[in-house]
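Reading through the structure tokens given below for one structure.
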2 protein chains.
Amino acid sequence: MPDAHTLGSMMDRIRALLTVIEEGSVNRAAVRLRITQPALSRQMQALENELGGKLLERETSGVKPTGLGHALVKAMRPLVGSYDTALAELRRQARGERSELRVGYLLSAAQSMLTPALAKLRKSQPEVKLKLHDMSPREQIDGLRAGELDLALIGQEGVMAAREFHSAKLCSLRVCVAVADSDLIAAQKSIALKELKGRDFIGVDEAQVPGRNRWMTALCKPAGFKPRFAVVVDGITNVLSQVVSESGVTLLPGYFEKLQHPGVTFVPVSDEKARWDFIVLWQKGRASAATRALVDALKQVAAALR
Amino acid sequence: MPDAHTLGSMMDRIRALLTVIEEGSVNRAAVRLRITQPALSRQMQALENELGGKLLERETSGVKPTGLGHALVKAMRPLVGSYDTALAELRRQARGERSELRVGYLLSAAQSMLTPALAKLRKSQPEVKLKLHDMSPREQIDGLRAGELDLALIGQEGVMAAREFHSAKLCSLRVCVAVADSDLIAAQKSIALKELKGRDFIGVDEAQVPGRNRWMTALCKPAGFKPRFAVVVDGITNVLSQVVSESGVTLLPGYFEKLQHPGVTFVPVSDEKARWDFIVLWQKGRASAATRALVDALKQVAAALR
DNA sequence: CGAGGGTATGCGCATCCGGCATAACGGCAA
DNA sequence: TTGCCGTTATGCCGGATGCGCATACCCTCG
């Protein structure tokens with residue numbers, strides 16, 4: 001094996017070589033590098049062995065790079081530079097000094113809390129660069145897992161993944177039922193879950209809104225029945241269309257009551273236990289100052305809304 | 001001091017971390033890296049200390065990257081990749097397997113030898129990528145010194161620098177004198193140097209054609225006089241203009257005889273010792289196969305021309 | 001509450017790498 | 001030529017680094 005050493009320690013020798021070539025002298029470079037000349041001289045020999053060619057022309061007045069030496073400088077100096085700056089950036093990030101904050105949220109669900117919280121954040125930490133990503137709950141969880149998000153505002157869907165990240169419950173909303181305008185239920189001011197027994201439920205694709213169907217099932221259990229999902233469609237808007245065309249019902253978080261959808265009426269559920277938790281998830285490990293600030297702001301907003 | 005280790009050995013730990021994250025397990029990564037699990041586990045701790053933040057979430061089923069871990073992967077994986085490929089390229093180059101050949105030459109001087117030599121090279125090593133740079137002798141030497149050229153075809157000017165590089169004499173041309181058409185000398189078939197004693201010489205700027213004036217002086221010494229440079233101009237074409245306008249003379253390599261310049265006549269010098277050497281210079285250190293091939297081709301062409 | 005997967009820790013030893021002293025080498029001046 | 005002064009290279013030793021081995025710890029599942 002020609003190179004007995006590791007690739008990493010080789011980088012140290014390459015750094016040393018860059019200094020030697022800059023100084024044009026092993027002696028002067030050794031001074032700059034705070035080591036002795038023999039040590040540096042041996043490093044250069046080792047590097048030449050590892051690469052398999054001479055890097056320096058030794059002359060009585062100092063050293064000069066060979067063609068290979070020049071090529072090494074040209075290839076390695078920028079790489080070493082990027083490596084160092086990347087390292088510095090990671091160190092800053094480790095100290096929680098990252099100024100970028102990538103937030104995932106579902107606009108319709110999070111708007112009422114996120115907007116005021118962001119206003120607070122801007123006041124306390126105006127230099128933070130925000131990257132807002134309007135995305136589905138599934139995409140939020142995937143984004144967190146892939147390290148592409150620092151923080152996600154997510155509903156009941158995120159409870160499943162709460163173990164993987166730090167989490168805090170922001171508030172719990174009441175639940176409502178979506179029915180067609182023509183449905184008898186539509187006229188009621190509120191409804192008990194058990195009244196839905198036997199109705200056709202409209203489910204939603206697990207891939208897009210993970211756990212939503214299981215949540216509905218869990219909600220109905222205390223009411224004494226298991227919902228039958230007549231159709232499972234992809235996407236919330238399609239669910240509402242199906243509610244109309246199939247005369248089905250579906251359970252939704254309370255913020256849908258503010259929504260307008262042609263032909264659909266939202267009726268609040270009266271059961272005490274039927275709640276929709278809204279939580280914030282953020283990466284484990286030391287959170288950046290910006291992350292902590294936004295989480296705090298969200299908690300305050302949630303407390304005020306309650 | 002937070003990081004007691006070197007930046008280079010840190011790269012080894014970063015490499016290890018990349019493997020750990022890919023495998024999702026310190027155990028499996030240790031197998032891949034051919035070290036034991038405790039060793040790798042300690043490397044990860046060391047890296048976390050050096051960066052000042054947690055990189056991995058330890059779970060009973062293995063490990064997962066934290067936000068910082070993800071950021072490190074994103075920043076470092078491409079860098080480590082470039083570093084390795086750059087290293088591989090340098091190793092290839094050290095073994096003389098580089099396929100690019102950067103040649104510096106002065107078209108008017110080198111054309112007669114370079115063209116056939118390149119034809120030979122193309123035959124013996126057709127995969128070699130040539131970069132031809134038509135440049136002044138000074139630029140050629142600077143290019144060699146800066147490692148931007150592999151090989152230079154240069155005249156007498158290069159002899160000064162021959163110690164710094166490998167060199168081979170290709171041929172020696174006779175010398176000619178440039179005089180105005182109206183000059184008495186212009187009618188002669190040839191001329192002895194001593195006949196130029198007392199004439200005004202036209203010199204050329206040292207920065208562009210280094211050593212040319214010194215060469216003329218050295219040439220005249222055996223003839224028993226020291227040329228007086230009435231004017232020193234920059235650039236060969238300006239020299240010829242001055243020859244006409246100032247009725248000066250200048251010494252030039254023989255290949256100028258083939259040139260046409262209005263108002264200037266070139267008269268061969270008869271002195272045996274007055275020769276113009278044409279040499280090839282190439283980088284010290286192990287020369288690439290392509291370099292050696294071109295040098296050989298040039299030598300053959302030179303021998304054939306003689 | 002043991003078994004079995006994972007990660008962390010204590011300890012001893014080889015290896016590496018730097019410092020010190022000194023050799024070897026080349027140019028320059030007397 | 002010889003001696004001097006600059007350079008780089010080499011011999012040797014000691015300290016720190018980092019590995020392997022054995023084992024401790026921790027969590028989950030049956």
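So that the names make sense, note that chain A is the first sequence line, chain B the second, and so on, each numbered from 1.
Here C/dA23 presents its P atom at 15 Å from CD of A/Q37, a figure rounded to the nearest Å. The nearest whole Å value for the distance from the CZ atom in B/R34 to the P atom in D/dG20 is 12 Å. Atom P of nucleotide D/dT17 and atom CG of B/N49 are separated by 13 Å, given to the nearest angstrom. When the C1' atom of D/dT8 is taken as reference, atom CG of A/L56 falls 11 Å away, rounded to whole Å. The CZ atom of B/R15 sits 16 Å away from the P atom of D/dG18 (whole-angstrom rounding). Distance B/L40 CG to D/dC21 C1': 16 Å, rounded to the nearest Å. C/dC16 atom C1' lies 14 Å from atom CD1 of A/I35, rounded to whole Å. One can place CD of A/E50 at 13 Å from C1' of C/dC17, the figure rounded to the nearest angstrom.
For A/R42 against D/dG11, a side-chain N or O and a base N or O form a donor-acceptor pair under 3.5 Å. Side-chain atoms of A/Q45 and base atoms of D/dA9 include no donor and acceptor less than 3.5 Å apart.
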Would you be so kind as to tabulate the donor-acceptor pairs closer than 3.5 Å made by side chains of residues 70-80 of chain B, with sequence neighbours excluded?
residue : atom : partner : partner atom : Å
B/H70   : ND1  : B/T66   : O            : 3.4
B/H70   : NE2  : A/R145  : O            : 3.0
B/R77   : NH1  : B/E22   : OE2          : 3.2

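Residue B/S41 places at least one side-chain N or O under 4.0 Å from the OP1 or OP2 atom of C/dA8. Taking only side-chain nitrogens and oxygens, A/N27 never comes nearer than 4.0 Å to OP1 or OP2 of D/dG6. Under 4.0 angstrom from either OP1 or OP2 of C/dG19 there lies at least one side-chain N or O belonging to A/T36. For C/dA8, one of the phosphate oxygens OP1 or OP2 lies less than 4.0 angstrom from a side-chain nitrogen or oxygen of B/R58.
Remark: the backbone N or O of A/R212 is not paired with any side-chain donor or acceptor of A/E157 at under 3.5 angstrom. Checked by atom type and distance alone, the side chain of B/Q156 pairs as donor or acceptor with a backbone atom of B/D277 at under 3.5 Å.
Taking the side-chain hydrogen bond (donor to acceptor under 3.5 Å, both in side chains) definition, one finds that B/R138 meets it with nothing, sequence neighbours left out.
A residue-by-residue look at B/R28 and B/A39 shows that B/R28 has its nearest nucleotide of DNA chain C further toward the 5' end.
With hydrogens and angles left out, the side-chain atoms of A/D150 and A/T291 include no donor and acceptor closer than 3.5 Å.
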